[in-house]
Amino acid sequence: MNKKKIRMNKHTGLTLRDGCDMYLDNCKHRNLREHTIKHYKQSYLKLFTHFAEDMPLDEFDKDSYKSYIIYLKSTLTNDISINGYLRDLITTIHFLQKEELVSQFEMKSIKVTKHAIETYTDEELTKILKKPNIKKCSFMEYQGWVVSNFLLSTGIRQRSLINIRIKDVDFDSNLVNLIHTKNRKPLLVPLNSSMVLILQELTHLKFQDFLQEKKIKKDH
């Protein structure tokens, strides 16, 4: 126990930047997604507007963490955003504490007043889900309508949606195979009959069809 305490209090020569880079390397070793690593990098930009990058890592303590909370509250008005930055720092410091590079101390995010999530009204949903006139609308408008229906029908994440391939949709079983999920586990999502009809129509339409229709209108 004494040896462990001596090691944690010993000056390592590492900086706060070194510690953050160590955690990023750890993320890469665990094969975390690139957008997750990019998120931490963006969060560290905020961290280094308050702390010097060459701050000795072993000097980061409970008072340092408290000062970062005060700084965030003075520069941000959204408590959810503040907690987002704090969670990133807490995760990083916990890793460094396990590596015995930072002394042990407790870190908590701030309390947030919960507000009711604003949802679409029935009138707004009717407008969003109203099918555009294929003969008059652009391909982007039609595509947006399909995407809106798909998200509302399945409730999947945006990143899962943009990674769906044609071969992932099984019209025989009315299922879509999600290969890109948050936990990296494949997921089969059922499609209702309305969504199946929309997707079947989309597969029969071609972007060139929309371009040809626009050309005909322009010529006339």
Side-chain angles (χ1 to χ4, degrees), residues 27 31-46 72 75-85 87-88 112-220:
C27 291
N31 199 30
L32 298 189
R33 296 191 185 280
E34 185 58 37
H35 76 270
T36 300
I37 296 175
K38 183 178 180 180
H39 167 80
Y40 279 111
K41 289 181 178 179
Q42 290 294 323
S43 184
Y44 293 156
L45 292 178
K46 187 70 173 178
L72 290 176
T75 57
L76 300 173
T77 57
N78 189 320
D79 289 345
I80 295 177
S81 297
I82 292 174
N83 271 343
Y85 286 112
R87 281 194 297 270
D88 294 338
V112 177
T113 302
K114 296 183 178 180
H115 300 282
I117 299 176
E118 185 177 356
T119 59
Y120 288 107
T121 64
D122 291 341
E123 182 181 357
E124 290 172 331
L125 285 175
T126 300
K127 291 181 179 179
I128 293 174
L129 299 178
K130 182 180 179 180
K131 184 178 181 180
N133 189 327
I134 297 178
K135 295 182 179 181
K136 296 181 179 180
C137 72
S138 65
F139 177 75
M140 294 300 294
E141 182 181 352
Y142 177 76
Q143 184 185 55
W145 174 74
V146 173
V147 168
S148 297
N149 275 272
F150 197 94
L151 290 174
L152 289 169
S153 174
T154 61
I156 66 173
R157 298 165 61 88
Q158 177 184 350
R159 192 168 293 277
S160 296
L161 172 65
I162 63 179
N163 282 281
I164 293 176
R165 303 162 299 181
I166 294 177
K167 65 179 182 179
D168 294 328
V169 182
D170 182 356
F171 287 117
D172 293 329
S173 303
N174 292 348
L175 295 170
V176 58
N177 180 32
L178 301 183
I179 60 172
H180 194 293
T181 60
K182 186 175 182 179
N183 60 8
R184 295 197 172 190
K185 295 181 180 180
L187 178 66
L188 286 176
V189 176
L191 300 173
N192 60 40
S193 57
S194 298
M195 196 65 240
V196 169
L197 292 176
I198 291 174
L199 293 178
Q200 287 177 334
E201 180 184 61
L202 177 63
T203 59
H204 286 89
L205 292 175
K206 298 179 180 179
F207 179 60
Q208 291 299 327
D209 294 338
F210 283 86
L211 293 181
Q212 183 63 25
E213 288 177 5
K214 297 299 180 183
K215 183 177 184 301
I216 293 175
K217 290 179 183 179
K218 186 175 182 180
D219 292 341
H220 285 77

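Only heavy atoms go into these numbers, but all of them, side chains included; no hydrogens, no water, no symmetry mates.
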Qualifying residue for side-chain contact (heavy atoms from CB on, under 4.5 Å) with Val169, from Leu175, Val196, Val176, Asn177: Val176
Can you confirm whether more than 12 heavy atoms, excluding those of Arg157, are under 6.0 Å from its CZ atom? no
Taking all non-hydrogen atoms of both residues into account, name the closest pair between Ser160 and His180 and its distance. OG-O, 2.7 Å
With the side chain counted from C-beta on, respond yes when Lys46 and Asp88 share a heavy-atom pair under 4.5 Å apart, and no when they do not. no
Taking atom CD1 as the centre, does Ile166 end up with more than 12 heavy-atom neighbours from other residues, nucleotides or ligands that are less than 6.0 angstrom away? no
N/O donor-acceptor pair under 3.5 Å between Ser43 side chain and His39 backbone: no
With heavy-atom distances below 4.5 Å as the criterion, would you say the side chains of Phe150 and Leu199 are in contact? yes
Using the side-chain hydrogen bond (donor to acceptor under 3.5 Å, both in side chains) criterion, which residues pair with Lys131? Sequence neighbours excluded. Glu201
Of all the heavy-atom pairs spanning Leu161 and Val147, show the shortest one and how long it is. CD2-CG1, 3.6 Å
Measure the spacing between OG1 of Thr121 and NZ of Lys127 and express it to the nearest 0.5 Å. 8.0 Å
Please report the shortest heavy-atom distance between Thr181 and Lys185, naming the atom on each side. OG1-O, 2.7 Å
Over all heavy atoms of both residues, which pair between Leu32 and Ile37 is shortest? Give the atoms and the distance, please. O-CD1, 4.0 Å
Would you say that more than 12 heavy atoms from the other residues, nucleotides or ligands in this model lie under 6.0 Å from the CD of Glu124, or not? yes
Taking side-chain hydrogen bond (donor to acceptor under 3.5 Å, both in side chains) as the test, write out the residues that go with Asp168, two or more places apart. Arg165
The side-chain hydrogen bond (donor to acceptor under 3.5 Å, both in side chains) partners of Arg159 (sequence neighbours excluded) come to none
Please report the closest heavy-atom contact between Cys137 and Tyr142, naming both atoms and the distance. SG-CB, 4.0 Å
